[in-house]
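All values derive from a computational prediction rather than experimental measurement. Start at 1 and go down the list; that is how both ligands and their atoms are numbered. The figures that follow rest on heavy atoms only: side chains count, while hydrogens, waters and symmetry mates do not.
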Amino acid sequence: MIATDDAVEIEAERLFGSLMHVECDPRGRTWNLDTCREIAPLTLEINRLKKEQGAVILAHSYVEPEIIYGVADFRGDSYFLSMKAKEARAKVIVFAGVVFMAETAKILSPAAKVVVPDRQSGCSLADSLNGDDLRKLKSLYPDATVVCYINSTADVKAESDVCVTSGNVYHIVEHLPAKRILFVPDRLMGQNLRDELKRRGVQKEIITSDGTCMVHDEFGPGDIALARERYPGLKVVAHPECTPEVAAASDFVGSTGAMMKYVKTTGAPYYLMLTECGLVGRLQVESPEKAFIGGCRLCPYMKLNSLEKIRDALKSPRPDQIITIPEEIRLKAARCIERMFELAPTD
Ligand code: 13P
Ligand code: SF4
């Protein structure tokens, strides 16, 4: 079905209402009514296909703004989206994010067909460790409680006792009875966890594997010092995948959801966001009065998502776009994620 000119015009205006605020577009586009008119037929088609198929689209805040504001039903951080995946009664879940997020959705909603726009959308953290690697590590530390960051594969989750996200890692590990924790796969988050537990007066030994996020490990404390000199009153907001030096020099450290909340509820003249640029785009739309400084860092995996690929994954998904997980692994991984829901703070 071809959309009428009127329908396209209404859709373009709806898109423009949000996208007009995006200044740091990952492809350098300027959003005006004409660029919105160009994508409007596609967002209309996707939203129609969604209804016909009983599908929902979950989008991480790092994907491109036309996905977030054009077709997503839910947008947010890993924790929020895993909750939505668990609650979804949808026949089809399209996950615009990266593969480990879609795997998490399949683990929590096994009856749904879960599809990804691009199977190559990996993650430098999730891809740093597999189930065999973790089994070997576990044999070296048999008394440790194994905590996996959600940025991990289904087989790593299946080998772990409890999963955490950037928003609940400190709280959950603090309250675990074990003194020795094997934390995988993020070495830098593990170091930040060690520092935060020390600050809270909690004694635990944190052993980590060696993965890092290729986006967040690039920020350095030098960037912060320079920016503070140039922009008095600046607030620096970082993700816990950054180095401990960056975390220590920042005003706030938290998940992408918590970073957004911090910016929305503080009144600084400028913000430096030490995370993927998509989050700045979201804040420009949702808090257009705030000023952001600093350049853009992009996650190449998140940027593999596109409206065209979402449309194709909905219309007739290729086998590589459909997430499948052996039931034995899914059941074990589900236990590890459910444990997170039990232990996570409720606010
Ligand atoms: P959040 O859960 O904080 O959104 O983090 C996901 C991620 O991949 C950060 O790089
Ligand atoms: Fe993985 Fe880093 Fe990309 Fe997040 S930003 S998906 S942690 S590579």
Can you confirm whether the side chains of [X] and [Y] place a donor and an acceptor under 3.5 Å from each other?
X      : Y      : result
Asn32  : Thr35  : yes
Tyr62  : Thr275 : yes
Thr212 : Asp217 : yes
Thr43  : Glu66  : no
Thr145 : Asp161 : no
Thr4   : Asp6   : no

Give the atoms of ligand 2, by number and element, whose distance to some non-hydrogen atom of [X] is under 4.0 Å.
X      : result
Leu125 : 7 (S)
Ser124 : 8 (S)
Asn151 : 7 (S)
Tyr62  : 5 (S)

So which protein heavy atom does atom 1 (Fe) of ligand 2 come closest to, and at what separation?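 For this ligand atom, the closest protein heavy atom is Cys123 SG, 2.4 Å.
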Measure the distance from atom 2 (O) of ligand 1 to every protein heavy atom, then report the residue, atom name and distance (to 0.1 Å) of the closest one.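 Looking at atom 2 (O) of ligand 1, the protein heavy atom closest to it is Ser78 OG, 2.8 Å.
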N-O pairing of Lys204 and Glu174 below 4.0 Å: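 No, Lys204 and Glu174 are not salt-bridged.
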May I ask you to say whether Asp320 pairs ionically with Arg318, meaning some side-chain N is under 4.0 Å from a carboxylate O?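 Looking at Asp320 and Arg318, the cut-off is met.
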What are the atoms of ligand 1, with element, lying closer than 4.0 Å to any heavy atom of [X]?
X      : value
Ser166 : 1 (P), 2 (O), 3 (O)
His60  : 1 (P), 4 (O), 6 (C)
His239 : 1 (P), 3 (O), 5 (O), 9 (C)
His216 : 10 (O)
Asp77  : 1 (P), 2 (O), 4 (O)

Below 4.0 Å, non-hydrogen atoms only: which portion of Cys299 touches ligand 2? Side chain, backbone, both or neither.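 Cys299 to ligand 2: side-chain contact only, backbone stays beyond 4.0 Å.
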Do you know the tightest heavy-atom contact between Pro117 and Ile310?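 Closest pair (atom of Pro117, atom of Ile310, distance): CG-CG1, 3.7 Å.
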Has the side chain of Asp118 got a donor or acceptor atom that lies under 3.5 Å from a matching backbone atom of Asn305?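 The answer is no, because no donor-acceptor pair under 3.5 Å joins these two groups.
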Which bit of [X] gets closer than 4.0 Å to ligand 1, counting heavy atoms only: side chain, backbone, both or neither?
X      : result
Glu276 : neither
Ser255 : both
Asn151 : side chain

I want to confirm something. Looking only at heavy atoms, which of [options] is nearest to [atom]?
atom                    : options                        : value
atom 5 (S) of ligand 2  : Gly278, Cys213, Ser166         : Cys213
atom 4 (O) of ligand 1  : Val215, Thr256, Ile150, Thr275 : Thr256
atom 10 (O) of ligand 1 : Met259, Met189, Glu241, Met214 : Glu241

Could Arg200 and Tyr170 be counted as a cation-pi pair, given that NZ or CZ must be under 6.0 Å from the ring centre and within 45° of the axis?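 Checked: cation-pi criterion not met.
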Run the ring-centre check on Phe16 versus Tyr69 and record whether the distance is less than 6.0 Å.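 Not under 6.0 Å, so no.
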Heavy atom of Glu276, distance to ligand 2 below 4.0 Å: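 Outside the 4.0 Å threshold, so no.
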